[in-house]
Number of protein chains: 2
Amino acid sequence: MIHIKEVAKQTDISVRTLRYYDQIGLLTAPAKTEGGHRLYTEEELKRLQYIHFLKGMGYSLKEIKKMLSDPNWNWRDSLNNQLACILEEQQRLKRMESSLRELIHGIVVEGGDEQAAVQKLIQLSQQYKKRSPSLEQSIFSKRERELLARVPKMNGEDPDTMEWIALLGQLKQHMKDGPDSPKVQSIVRRMLEKQAEEFEDENEFIDKLWEVRKSPQQSELLGLYPIEQELLDFMEQAYEAHMVLLQGRLGGKGEYRES
Amino acid sequence: MIHIKEVAKQTDISVRTLRYYDQIGLLTAPAKTEGGHRLYTEEELKRLQYIHFLKGMGYSLKEIKKMLSDPNWNWRDSLNNQLACILEEQQRLKRMESSLRELIHGIVVEGGDEQAAVQKLIQLSQQYKKRSPSLEQSIFSKRERELLARVPKMNGEDPDTMEWIALLGQLKQHMKDGPDSPKVQSIVRRMLEKQAEEFEDENEFIDKLWEVRKSPQQSELLGLYPIEQELLDFMEQAYEAHMVLLQGRLGGKGEYRES
DNA sequence: TATACAAAATGACGTAACGTCACTTTCAAG
DNA sequence: CTTGAAAGTGACGTTACGTCATTTTGTATA
């Protein structure tokens, strides 16, 4: 006969828990001293491990009690059911993770204004419910829709996505310097460079994507993080300034190759 | 001014919940009618969506209240922290999933005896805590330890693992027929075939693995699902019977190639 | 054997985020 | 003015124990 504290020590389950299990009839002490102290046997140790394991699988104490008392319990269905629940919960956590990453990155882009970032995310998720693939199909070809999947979505954890977010955030910070300031121009150069790396020779696609980007409404419909109008306009100005500088340099050297 | 039911309808949050939020001071109604009916404004709708979103991220109402009331809240740290929690929870669910699959498969192997399957899993998980890589290193070479990782672990969901489990279960079912019954022999043939497919030309490794397999203790130490002695012995008998039959057939045709 | 002290027992309250009664009061239309 | 719907408040139930407070029991020592 084993005292309650010994059971607790061996199974690493608290004394309180053991008393509770006794109370709800999940694991009753098979004997008591005259004074009423609980006494257990090896049998209870086993059953306790069993219970502990099942609890670890996510079952509630009530369910476990039912399982252990019913000799005809359908284990196959029950376990498969539990597995399905767990897989569903995993999906839920994945979605949460994705949203959190989006929010974290969003705050960087919004320059630390978490209010704005949350608002945009809420907009986005509401839009997402009623989004139909019609817009996507009307604008982009099949090949281009494949490319679309590779556009950073603000919720990635890869270094590539990270840099895009950082660049956007930097751009916002330096809006006050004007579109042709050296800092802004260096950011734009880097953006074009990355764009070229990822989507080389897909100029038509890039142009279309930019057209969509320039409309916050359309961006939302495509599930893209909505960039505010001001920043978009600034990017376009910076881009044009970049082109002018480029032409100037090339013109000075007597060459011209861009259309 | 919007009535409580209208707010509930628009946000899809129950009236009870709104009253509760009012009660705990998370979303207080800015006005009331003479009779005490709550009246809300658009402002509260926004705040409510905000709250709902944060709750979806896994924050408790108490935390949300703190976040929304503190204008100097450190969002970056808080969000990253939450993300870390979610990733941890994902790990936990993955482990649960793995154990559940192991148990479901184990019951098949044990011929429906879930008691035995659970017992073995508990043994295995306890062993796992104090397992050191010493045994693994002493028996297997580096190359062979790589192969070891490919041995089905009872918790996979791939068709390959599934078949191994099914074969083991079938073998157990047909133990009563004797090791040289046609059914058993067909199972053994299939097992050898699969073994050859996965580990062709790794005979030395296969032999070592079998040696380990034949000792339930060593199997446990390696984290392999412990197959009961009886079944192991039967497998060996069936294997030997297979070899005898093979030699008989080859011998009859005047050929001999096995060592 | 009396005493002291550890360990056990019991009972009660608290936790999170509401759902679900039960009962009363208010609102708005006819 | 009545009436039925909607709103209000209050209380209990839920899960799986942790954490007191208080009392009783077991056991070792003087």
Side-chain angles (χ1 to χ4, degrees), chain A residues 1-41 44 47-68 82 85-86 89 92 96, chain B residues 1-41 44 47-68 82 85-86 89 92 96:
Chain A
M1 289 303 201
I2 315 164
H3 279 264
I4 196 169
K5 197 179 187 186
E6 188 55 28
V7 177
K9 212 184 288 176
Q10 283 188 34
T11 58
D12 208 38
I13 288 169
S14 78
V15 172
R16 173 66 173 100
T17 299
L18 289 172
R19 279 200 279 259
Y20 179 64
Y21 287 175
D22 195 350
Q23 186 185 328
I24 65 172
L26 179 58
L27 185 80
T28 49
K32 291 197 173 187
T33 66
E34 316 163 34
H37 285 197
R38 279 168 254 261
L39 294 172
Y40 296 89
T41 71
E44 277 69 44
R47 187 177 166 95
L48 192 51
Q49 289 181 326
Y50 213 113
I51 291 168
H52 191 63
F53 176 81
L54 257 23
K55 211 164 78 71
M57 295 297 97
Y59 287 105
S60 74
L61 296 186
K62 205 181 280 184
E63 287 168 319
I64 294 174
K65 196 178 167 188
K66 232 184 296 174
M67 292 166 150
L68 296 187
Q82 188 66 15
C85 288
I86 285 177
E89 183 70 5
R92 205 176 66 89
M96 285 168 68
Chain B
M1 289 305 204
I2 315 165
H3 278 263
I4 197 170
K5 198 179 186 186
E6 187 56 29
V7 176
K9 212 183 288 176
Q10 283 189 33
T11 58
D12 209 39
I13 289 169
S14 79
V15 171
R16 173 68 173 98
T17 299
L18 289 173
R19 279 200 279 258
Y20 179 65
Y21 287 175
D22 196 350
Q23 186 185 327
I24 64 173
L26 179 58
L27 184 81
T28 49
K32 289 195 173 188
T33 67
E34 313 163 35
H37 285 198
R38 280 168 252 263
L39 294 172
Y40 296 88
T41 70
E44 276 70 42
R47 187 177 166 98
L48 191 51
Q49 288 181 326
Y50 214 113
I51 292 168
H52 191 63
F53 175 82
L54 257 22
K55 211 165 78 72
M57 295 299 94
Y59 288 104
S60 74
L61 298 187
K62 206 181 278 185
E63 287 168 318
I64 294 173
K65 195 177 165 186
K66 233 184 294 172
M67 291 167 152
L68 296 187
Q82 188 65 14
C85 288
I86 285 178
E89 182 69 6
R92 205 176 65 91
M96 286 167 69

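Chain A is the first sequence line, chain B the second, and so forth, proteins listed ahead of strands; every chain is numbered from 1.
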Indicate, with a heavy-atom threshold strictly under 4.0 Å, whether A/Arg38 touches base, sugar-phosphate, or nothing.
-> sugar-phosphate
Spacing between B/Gln23 atom CD and D/dA7 atom C1', to the nearest angstrom = 15 Å
Closest non-hydrogen atom pair, A/Leu39 against A/Lys32 | CD1-C, 4.2 Å
Its contact letters, B for base, S for sugar-phosphate only and - for none at protein heavy atoms under 4.0 Å, make nucleotides 13-24 of chain C read ---SBBBB----
Report the distance from atom CD1 of A/Ile24 to atom P of D/dC17, rounded to the nearest whole Å.
-> 8 Å
Whole-Å distance between D/dA16 P and A/Leu27 CG?
-> 15 Å
Is a donor on one side and an acceptor on the other found under 3.5 Å between the side chain of B/Gln82 and the backbone of B/Met57?
-> yes
Where A/Ser14 and A/Ala8 come nearest, the two heavy atoms and their spacing = C-CB, 4.4 Å
To the nearest Å, give me how far apart NE2 (A/His37) and P (D/dT23) are.
-> 16 Å
Backbone N or O of A/Ile24 within a donor-acceptor pair of the A/Lys65 side chain at under 3.5 Å?
-> yes
Take the protein atom NZ of B/Lys5 and the nucleotide atom P of C/dC27, then report the distance between them rounded to whole Å.
-> 17 Å
In whole angstroms, how far is the C1' atom of C/dA6 from the NE2 atom of A/His3?
-> 12 Å
So does B/Arg19 get a side-chain nitrogen or oxygen closer than 4.0 Å to the phosphate oxygens (OP1/OP2) of D/dT9?
-> no
If only atom types and distance count, is the side chain of A/Gln10 paired as donor or acceptor with the main-chain N or O of A/Val7 below 3.5 Å?
-> no
Taking CG from B/Leu18 and P from D/dA7, how many angstroms apart are they, rounded to a whole number?
-> 11 Å
Whether B/Glu44 side chain and B/Thr41 backbone form a donor-acceptor pair below 3.5 Å = yes
Over how many whole Å does the gap from B/Ile4 atom CD1 to D/dT9 atom P extend?
-> 9 Å
Say whether, by atom type as modelled, one donor and one acceptor occur between the side chain of A/Glu6 and the main chain of A/His3 under 3.5 angstrom.
-> no
When you match A/Val15 and B/Thr33 each to their closest nucleotide on DNA chain C, which lands nearer the 5' end?
-> A/Val15
